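Heads up: the structure comes next, in structure tokens.
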Amino acid sequence: MHFVDPSREVLAETLLAAGPDAATLCAGWRTRELAAHLYLRERNASVGLGLLVRSFARASESATRKLAAKSATPAAYAALVEQFRAGPPALSPMRIKAVDESSNLTEYFVHTEDVRRATDRWAPRALDEAYSQALWDELVKRAAILYRGVDLGIVLVQPSGPRHVAKRAPVSVAIVGEPGELLMHAHGRTDHALVTFEGQPDAVALLQSAEVGP
């Protein structure tokens, strides 16, 4: 099943409901910066490269800030979100379903939660089993990279039993949670992920102080 299109819809609706000046879990970004980022990454090559190549990061951030500033009013912000909802332009590689799935499935889930969880009161969504499995599959592909900055072995464990060794080391910590929660932790939202840890106390403390994420 292809989950990106409905995930895009949910993210767009979440952004619209929050308005242009709501907090997010993305450091320094309100919802309008996040909406600008989502729009530009499908249309502006420097923004896409800024996510991967450090030398392009300044240009990426500048373009995002400029578009966000133009989208400060409710009407302009709503128009920006609707443009994002409409999908990538005709010649974008993200029109290819395999590229779209690889690039956006995790992106849209995490950013939806970045808005939802930036408030004092939030609750995890009840996810479709197939969607949850798709998130797990994407996490397994990327886990070694996401935990590369942690000087520990990392084992990702679902409460229902499936597990994945993300990184091997003499001392390991198991991170236990549903796929969506594990995904949030792996993407650096460590204070907003509903996970538990199994391991030696000093190892768990090291994990909790480590840099995690892309």
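Here the structure is a predicted model, which means the values were calculated and not measured.
- Across Val4 and Tyr108, no two heavy atoms sit closer than the pair CG1-CE1, 3.6 Å.
- Counting non-hydrogen atoms of neighbouring residues, nucleotides and ligands closer than 6.0 angstrom, the CZ atom of Arg148 exceeds 12 such neighbours.
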Notebook entry, point to check: So Lys141 and Ser102, side-chain contact (heavy atoms from CB on, under 4.5 Å) or not? Walk me through it.
Noted result: CA-CA 10 Å; Lys141 294 175 187 176; Ser102 176; over 6 Å; no
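- Pairing each heavy atom of Ala174 with each of Val157, the nearest pair is CB-CG2, 4.2 Å.
- No chain of hydrophobic side-chain contacts below 4.5 Å, direct or via other Ile, Leu, Val, Met, Phe, Trp or Tyr residues, connects Val155 to Val171.
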Next item on the list: Decide yes or no on salt bridge (Lys or Arg N to Asp or Glu O under 4.0 Å) for Glu42 and Arg8, but give the supporting numbers first.
Entry: CA-CA 13 Å; Glu42 298 181 330; Arg8 183 189 289 266; 2.7 Å; yes
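- Both Val173 and Val140 belong to a single network of hydrophobic side chains, linked directly or stepwise wherever heavy atoms of I, L, V, M, F, W or Y lie under 4.5 Å apart.
- Rounding to the nearest 0.5 Å places CG of Leu135 at 10.5 Å from CG of Leu182.
- Summarising the geometry of Ser71 relative to Leu80, their closest heavy-atom pair is OG-CD2, 3.4 Å, with the distance given to 0.1 Å.
- Using cut-offs of 30° and 60° on the angle between ring planes, the pair His37 and Trp29 is tilted.
- Of the possible polar contacts, none joining the Ser132 side chain to the Asp128 backbone as a donor-acceptor pair under 3.5 Å is found.
- Interatomic distance, Thr106 OG1 to Leu183 CG, rounded to the nearest 0.5 Å: 5.0 Å.
- In this structure, His185 and Tyr147 have side chains that are in contact, with non-hydrogen atoms separated by less than 4.5 Å.
- Taking every heavy atom of both residues into account, Leu16 and Ala78 meet most closely at CD2-CA, 3.8 Å.
- A side-chain donor-acceptor contact under 3.5 Å links Thr31 to the backbone of Ala22.
- A distance of 11.0 Å separates CD in Glu9 from OG1 in Thr112, rounded to the nearest 0.5 Å.
- Note: Asp191 CG to Gln208 CD = 9.0 Å, rounded to the nearest 0.5 Å.
- Side chain to side chain, His192 and Glu113 fail the donor-acceptor criterion of an N or O pair below 3.5 Å.
- Contact annotation: the side chain of Leu207 approaches that of Ile154 to within less than 4.5 Å [non-hydrogen atoms, C-beta and beyond].
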Next item on the list: Walk me through it: do Leu34 and Thr64 pass the test side-chain contact (heavy atoms from CB on, under 4.5 Å)?
Entry: CA-CA 8 Å; Leu34 178 54; Thr64 299; over 6 Å; no
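- Between Phe3 and Tyr131, the angle of the ring planes lies from 30° to 60°, which puts this pair in the tilted group.
- By the salt bridge (charged side-chain N to carboxylate O under 4.0 Å, His left out) test, Glu198 is found to be paired with no residue, residues two or more places apart in sequence or in another chain being considered.
- Of the possible donor and acceptor atoms, one in the side chain of Arg116 sits under 3.5 Å from a partner among the backbone N and O of Ala123.
- Between Ala186 and Pro214, the closest heavy-atom pair is O-CD, 4.5 Å.
- The heavy-atom pair separating Met184 from Ala193 by the smallest distance is CB-CB, 4.0 Å.
- For Tyr39 and Phe84, the gap between ring centers reaches or exceeds 6.0 Å.
- Proximity of Gln158 to Pro179: side-chain heavy atoms (C-beta onward) are separated by under 4.5 Å at one or more points.
- Remark: side-chain polar atoms of Ser209 are paired, donor with acceptor, to backbone N or O of Leu206 under 3.5 angstrom.
- Distance OG1/Thr24 to CZ/Arg32: 12.0 Å, rounded to 0.5 Å.
- Distance check: Glu101 CD to Asp5 CG gives 9.0 Å after rounding to the nearest 0.5 Å.
- Follow the hydrophobic side-chain contacts under 4.5 Å out from Leu127 and you never reach Val176; the two are in separate clusters.
- Residues Arg43 and Pro88 are not in side-chain contact: their nearest non-hydrogen atoms beyond the backbone lie 4.5 Å or more apart.
- For the pair Asp114/Phe109, no side-chain contact is recorded, criterion being any heavy-atom separation below 4.5 Å from C-beta on.
- Under a hydrophobic-cluster definition in which Ile, Leu, Val, Met, Phe, Trp and Tyr are linked whenever side-chain heavy atoms come within less than 4.5 Å, directly or via other members, Ile145 and Leu139 are assigned to different clusters.
- For residues 168-181, the set of pairs meeting the side chain to side chain donor-acceptor pair (under 3.5 Å) definition, not counting sequence neighbours, comprises Arg117-Glu181.
- In the hydrophobic cluster analysis, where Ile, Leu, Val, Met, Phe, Trp and Tyr join through side-chain heavy atoms closer than 4.5 angstrom, Leu156 is grouped together with Val150.
- For the pair Pro20 and Thr73, the minimum side-chain heavy-atom distance is 4.5 Å or more.
- Side-chain atoms of Arg189 come within 3.5 Å of backbone atoms of His187 as a donor-acceptor pair (strictly under, hydrogens ignored).
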